[in-house]
J.: 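Below you'll find the structure I mean.
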Amino acid sequence: MPHLLKTKDLTNKDVESILARAEKMEAQCRKGKVKKLLDGKIVASIFFEPSTRTRLSFESAALRLGAQVITAENASENSSAHKGETIEDTARIVSCYADVVVMRHHETGAAERAAITSTVPIVNAGDGAHEHPTQGLLDLYTIKKEHGRLDNLSFAFVGDLVNSRTLHSLLPLLANYPGNSFHFVSPKELSVPKEYTDLLKEKKLSFEETQNLDEVLPKADVVYMTRVQKERFKTESDYLSVKDLYLLNLGHTDFMKTKAIIMHPLPRINEMDSAIDNDSRAAYFRQAENGLYVRMAVLLHALEL
Ligand code: NCD
């Protein structure tokens, strides 16, 4: 079954076909003529964690393609999970009512567990600090659209790299292209997990880990900011000690390449000054819009259409 649980499960062919499909979806949306390829289908979205972009862009994607949507937002409170139902049981039940299930959960591995009992494809919309594969795909789509290529680019990933599930999904995708190099900018407590640097070593791609944002900025083609993930910290004081370490502001943009882009999965809290929004290199709102087109493509892929 074509579940989408993590980006490592996708073949290069899958990725290429999703990106090409997303481009078609974008063109159709711009013309206001979207083919109703999901007519008669039901998409369930079940979110155990807060979301704005992911849930609404998935639901919009489904509706634009002619599907109908059933949804449980705030599912930790408003679904039977509140009574103690397991993820496995919830997935088994929801899959009786829909053709594809989009699920976000606070536990790492939740989507994998749901996939065991679900009778329809599960699309992981974020599982704890683990993965967020559709964000990885929409980030890849954005980079391709903005830079015209996915190889020989220099990336700066900044902030909470241990908990950023969007980084964890994007990196394995970027590691498939030659000549990419990576600068990981974070305090030691938030550094990128070893399995990802191991992957880069295996692919013979160069990377460095540093705490110095100023040094990295002039080298990067893509500056990817992340939010410090407050909800993943054990204590408030652990969070407070790292929450404001990196703030990208107008002063920084002077040191960036003229063709660099600034990305952020959003929401931003205190890591990007809104004064940079008017800089043409600020790509994060375009990135969020791309989520719609990529999620249309992902739904079609999951339903093998
Ligand atoms: C991200 C997430 O949920 O992991 N948000 C999103 O889906 N665009 C990033 C975040 O919450 O910081």
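Remember, it's 1-based here, ligands and their atoms both numbered in the order they're listed. Since the structure is predicted, the reported quantities are computational estimates derived from the model, not experimental observations. Along the sequence shown, residues are numbered consecutively beginning with 1.
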J.: Quick test: of every protein heavy atom, which one is nearest to atom 8 (N) of ligand 1, and how far off is it to 0.1 Å?
T.: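 Looking at atom 8 (N) of ligand 1, the protein heavy atom closest to it is P265 O, 2.9 Å.
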J.: In terms of atom number and element, which parts of ligand 1 are under 4.0 angstrom from non-hydrogen atoms of R104?
T.: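 Matching atoms, with element in brackets: 3 (O), 7 (O).
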J.: Any side-chain donor paired with an acceptor under 3.5 Å for T71 and E59?
T.: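 A pair is found: one side chain offers a donor N or O, the other an acceptor, under 3.5 Å apart.
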J.: Does the ring centre of F207 sit less than 6.0 Å away from the ring centre of F182?
T.: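 Centroid separation for F182 and F207: 6.0 Å or greater.
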J.: Counting only heavy atoms, tell me which of Q287, R268, H132 gets closest to atom 7 (O) of ligand 1.
T.: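 Closest candidate by heavy-atom distance is H132.
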J.: How far is atom 5 (N) of ligand 1 from its nearest protein heavy atom, and which residue and atom name does that atom have?
T.: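 Answer, as residue, atom name and distance: L266 O, 3.0 Å.
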J.: So which heavy atom in the protein is nearest atom 11 (O) of ligand 1, and how far is it from that ligand atom?
T.: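 For this ligand atom, the closest protein heavy atom is R227 NH2, 3.0 Å.
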J.: Would you find more than 12 non-hydrogen atoms of other residues, nucleotides or ligands less than 6.0 Å from K144 atom NZ?
T.: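 Incorrect, the count does not exceed 12.
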J.: Can you tell me if NZ on K230 sees more than 12 non-hydrogen neighbours from other groups inside 6.0 Å?
T.: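 Open.
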J.: Could you tell me whether ligand 1 has any atom less than 4.0 Å away from a heavy atom of P267?
T.: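 Judged by the 4.0 Å heavy-atom criterion, P267 does count as contacting ligand 1.
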J.: Give me the nearest non-hydrogen protein atom to atom 3 (O) of ligand 1 as residue plus atom name, then the distance to 0.1 Å.
T.: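 Going by distance alone, atom 3 (O) of ligand 1 is nearest to R165 NH2, 2.9 Å.
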J.: For the 3.5 Å polar cut-off, considering only N or O atoms, please tell me whether T54 and ligand 1 meet it.
T.: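 Between T54 and ligand 1, an N or O pair is found under 3.5 Å apart.
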J.: Between Q229 and ligand 1, which residue portion shows a heavy-atom distance shorter than 4.0 Å: side chain, backbone, both, or neither?
T.: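 Under 4.0 Å from ligand 1, Q229 contributes side-chain atoms alone.
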J.: Are any of the N or O atoms of E231 closer than 3.5 Å to those of ligand 1?
T.: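 Such a contact does not occur with ligand 1.
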J.: Going only through I, L, V, M, F, W and Y residues with side-chain contacts under 4.5 Å, is there a path from Y141 to V15?
T.: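 Yes, same cluster.
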J.: Should the heavy atoms of other residues, nucleotides or ligands under 6.0 Å from CZ of R53 be counted, would the total exceed 12?
T.: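 Yes, enclosed.
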J.: According to the interplanar angle, ranging from 0 to 90°, do the rings of H106 and F48 count as parallel (below 30°), tilted (30 to 60°) or perpendicular (above 60°)?
T.: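 The arrangement is perpendicular - the two ring planes meet at more than 60°.
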J.: Going by the order shown, which atoms of ligand 1 are within less than 4.0 Å of some heavy atom of Q135?
T.: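 Checking each atom against Q135, I get 6 (C), 7 (O), 8 (N).
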J.: Should the heavy atoms of other residues, nucleotides or ligands under 6.0 Å from CZ of F285 be counted, would the total exceed 12?
T.: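 Count over threshold, so yes.
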